Amino acid sequence: MIGTTPSHKSVDYIVNEIFRLRRISRRTQQRLMTSLLEKRELNKQEEIQVKRVVDALHRGLLRVVD
């Protein structure tokens, strides 16, 4: 994805990256939020992915890094 701005990466790609690394940085959070906010509405899969990230954060399964 060379030359692709972070906001154009799919929610699925970003969430998979978060879980692959088992952490979320401020930059990744901003990319995810930008990707979500660019949409008029989320589809069911995107809703599930967002809930999965939030749940993992609450359960301490993901590290938050700067």
Side-chain angles (χ1 to χ4, degrees):
M1 295 202 120
I2 296 173
T4 303
T5 59
S7 65
H8 290 105
K9 290 185 180 175
S10 72
V11 172
D12 185 56
Y13 179 88
I14 297 168
V15 170
N16 286 334
E17 181 179 282
I18 290 167
F19 280 98
R20 181 178 60 82
L21 299 172
R22 286 187 257 155
R23 68 178 187 207
I24 185 168
S25 66
R26 288 196 185 275
R27 182 172 183 232
T28 304
Q29 177 194 13
Q30 289 172 340
R31 289 174 32 214
L32 179 59
M33 293 303 298
T34 299
S35 185
L36 292 169
L37 292 171
E38 285 178 345
K39 298 178 170 290
R40 186 166 209 124
E41 64 182 59
L42 302 179
N43 63 39
K44 192 65 172 171
Q45 180 65 26
E46 291 164 336
E47 288 179 24
I48 290 168
Q49 289 174 318
V50 171
K51 288 177 184 178
R52 188 172 157 224
V53 170
V54 171
D55 182 58
L57 286 167
H58 285 289
R59 295 175 57 204
L61 301 175
L62 295 174
R63 284 186 312 144
V64 178
V65 298
D66 262 339

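Just so you know, these numbers come straight off a predicted model, no measurement behind them.
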What is the distance from atom CD of Q45 to atom OG of S10, rounded to the nearest 0.5 Å?
-> 10.5 Å
Same hydrophobic cluster for V15 and L36, using side-chain heavy-atom links shorter than 4.5 Å among ILVMFWY?
-> yes
Is it possible for you to say whether I48 and L61 belong to one hydrophobic cluster, with membership spreading through side-chain heavy-atom contacts below 4.5 Å?
-> no
Test item: V11 and L42 side chains (from C-beta on) under 4.5 Å apart, heavy atoms = no
Say you draw a straight line from CZ of R20 to OH of Y13; how long is it, rounded to the nearest 0.5 Å?
-> 7.0 Å
Non-neighbouring partners of L57 that pass side chain to side chain contact (heavy atoms under 4.5 Å, CB included), sequence neighbours left out | I24, V53, L62, V64
Return the set of residues passing side chain to side chain donor-acceptor pair (under 3.5 Å) with K39 (not counting sequence neighbours), or none when no residue passes.
-> E46
Taking the side chain as every heavy atom from C-beta outward, state whether I18 and I14 have any atom pair closer than 4.5 Å.
-> yes
By side chain to side chain donor-acceptor pair (under 3.5 Å), E47 pairs with (sequence neighbours left out) none
By salt bridge (Lys or Arg N to Asp or Glu O under 4.0 Å) - contacts of R22 (at least two apart) | none
Kindly write out the residues that satisfy salt bridge (Lys or Arg N to Asp or Glu O under 4.0 Å) with D12, not counting sequence neighbours, or none if the list is empty.
-> none
Applying side chain to side chain donor-acceptor pair (under 3.5 Å), name anything that partners R26, two or more places apart in sequence or on another chain.
-> D66
Is S35 reaching over with its side chain to a backbone N or O of R31, donor-acceptor style, under 3.5 angstrom?
-> no
